[in-house]
Amino acid sequence: MRTHRVTLAVILALLTGTGAQVRAQIPATEYAARRSALLERLGPGAYYFEAAPPAAADYLPWEQDPDFLYLTGHLTPSARLVMVRAGTGTRQVVFIRGGSATTSVWEGEDRPGPVGDTLELRPADEYETFVKELAAEVPKRLVTPHNPAQGGGAGRLLEQLGGLGSVEVVNPRQALTGLRALKSPAEIELLVMAGRITAAAQREAFRATEPGLNEFEIQALIEYTFRRNGALRPGFASIVGSGPNSTILHYQQNDRFMRPGEVVVMDIGALYEHYTADVTRTIPVSGIFTPEQRAIYEIVLAAHDAAETVARTPGASFREVSAAASRVLAEGCARLGLIENPDAVLPGSRRTQLSLFYMHGLGHGIGLVVHDSMPPTLEVGTCFTIEPGLYIRPDALERIGEGPEADRLRARLAPVVARYADIGIRIEDCYAVTADRLVCLSEGAPRTVAEIEAMMAQPSFTTVSRDRGLVESFRKYAPPPR
Ligand SMILES: [Mn+2]
């Protein structure tokens, strides 16, 4: 409790960029605690985890396996973690490749794991000897996410313990998902930084967006803002979708020239020390919302607010948070005539009419991956997103179904769908539940219509250095505009 209270002050200082200088990182003791928690949950046996293999070619970027990173903090490819719990004793060993003069030249020195960790470090080529010397009293239980039947390090360990049939093989996936669902104060600090940087990128994008720019120019500005503030890279493929692309949920070509009178959806997240934020804003390309865009926007914003209000209630379940948002979306769509009434379903189906325009869940956990695990109720340590959206795609009419009743509904909705066609709106923020309150990690990104329009009127530093001729020449290669 006390730790969380101290941490809230730190979080607020980080959010506002004031106060104590904090080196945000996961302490070695925390890695040890994560491994102990896993051993506690899954009991005696031999545990085997493998780092991600090297990239397919040495000029390609490499990423560590999230579970391996979670348990060790090591950023070395092909490393192995072996833990043995037998009787009252536990051994924890990491096998890493020994640096050679050649790897130093090509790849630099290996980054060691967290300073002060209690893990025993051994060179990779001692693995075989270690396995052979494993005491006979090791329980015949192998905990590993890897398939030992496929050989490799896990297979070798299985063989030593007695082989398939005589050894119980346990997949730790579910236990790790449970552990990773709740974030520690140190993890929340990293997510705070990820959220702050992502919000800064949204603000730069607001200032720069204008008709005639290409989506990739906004993407470049966003990712430039990530890196120049210390983020490693985007935590997932950046989505910058204008006009009809605003209604494609996971659009990522980002190569269309934006036109006046359209909206642009920007769904982005900075990866900071391997923890990713996830923040979406939707803005009018021309700087002012049209009445139609604004009508949809205000519904999504109201749904977002309703969800956030429920999320602030101690002990709320995410299902309740989600239901609050769906209700507001349905009522708003009914008001505009996009659906017949808030509870209306599709003819001959149990699916709601709202699902024609809102096709995804309200949110998800965030952490080492953008869709990380989270518990069903918002306990202290839960880090998650709220992201309602409405997407008015002309093909919604085709998804109504077949038959006379469907045809009648299609005819009734067609003019309304035509009026709001190609408007896609998503508003997404990320949150952390602390002992004191729900902290919005992305509050630096303006959200209301007035705030957005005011910020879009501000000058951007990028306009001066844009090479218009170079960018315009892309039209020659771009797909024909819709
Ligand atoms: Mn998301």
Side-chain angles (χ1 to χ4, degrees), residues 66 177 180-181 183 187-188 190-202 205 215 218-219 222-223 226 231-241 245-252 254 263-272 274-283 297 300-301 303-308 310-311 318-319 321-326 328-329 355 357-376 378 382-391 424-433 438-447:
T177 300
R180 281 175 51 184
K183 271 68 183 176
E187 288 179 291
I188 293 176
L190 298 177
L191 286 167
V192 166
M193 286 302 297
R196 256 183 84 195
I197 293 170
T198 309
Q202 289 284 7
E215 291 163 351
I218 299 302
Q219 178 191 359
I222 286 165
E223 295 176 6
F226 287 173
L232 292 164
R233 53 187 163 79
F236 55 93
S238 301
I239 297 173
V240 181
N245 297 339
S246 68
T247 69
I248 303 173
L249 302 181
H250 282 173
Y251 173 74
Q252 46 180 261
N254 303 351
V263 291
V264 54
V265 168
M266 302 173 294
D267 185 343
I268 59 171
L271 187 73
Y272 193 81
H274 303 281
Y275 284 80
T276 189
D278 188 2
V279 183
T280 308
R281 288 294 182 268
T282 306
I283 60 175
Y297 192 91
V300 177
L301 185 61
H304 190 290
D305 289 348
E308 200 181 275
V310 177
F318 197 68
R319 184 190 288 268
V321 176
S322 174
S326 294
V328 175
L329 292 175
S355 69
F357 309 109
Y358 175 48
M359 329 63 170
H360 56 74
L362 182 72
H364 50 83
I366 51 167
L368 287 169
V369 293
V370 66
H371 288 182
D372 207 2
S373 53
M374 68 180 281
L378 303 181
T382 309
C383 294
F384 66 102
T385 70
I386 290 178
E387 51 172 318
L390 288 174
Y391 313 90
I425 308 277
R426 180 162 64 254
I427 306 171
E428 175 177 35
D429 286 277
C430 34
Y431 299 86
V433 183
L438 183 73
V439 177
C440 178
L441 305 174
S442 45
E443 66 186 4
R447 198 156 79 185

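When a ligand or atom number is given, it counts from 1 through the structure's own listing order. This structure is a prediction, so every number in the text was calculated from the model and none was measured.
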Taking all atoms of both residues into account, what is the closest heavy-atom pair of Ile188 and Ala432, and its distance?
CG2-CB, 3.9 Å
Between Ala199 and Gly444, the two heavy atoms sitting closest are CB-C, 3.6 Å
For Arg281, all residues meeting salt bridge (charged side-chain N to carboxylate O under 4.0 Å, His left out), sequence neighbours excluded
Asp429
Applying salt bridge (charged side-chain N to carboxylate O under 4.0 Å, His left out) to Asp372 and not counting sequence neighbours gives Arg180, Lys183
Thr177 side chain to Ser373 backbone, donor-acceptor under 3.5 Å:
no
The criterion is side-chain hydrogen bond (donor to acceptor under 3.5 Å, both in side chains); which residues satisfy it with Tyr297, sequence neighbours excluded?
none
Listing by chain and number, which protein N, O or S atoms are under 2.8 Å from the Mn ion (ligand 1)?
Asp278 OD2, His364 NE2, Glu387 OE2, Glu428 OE2
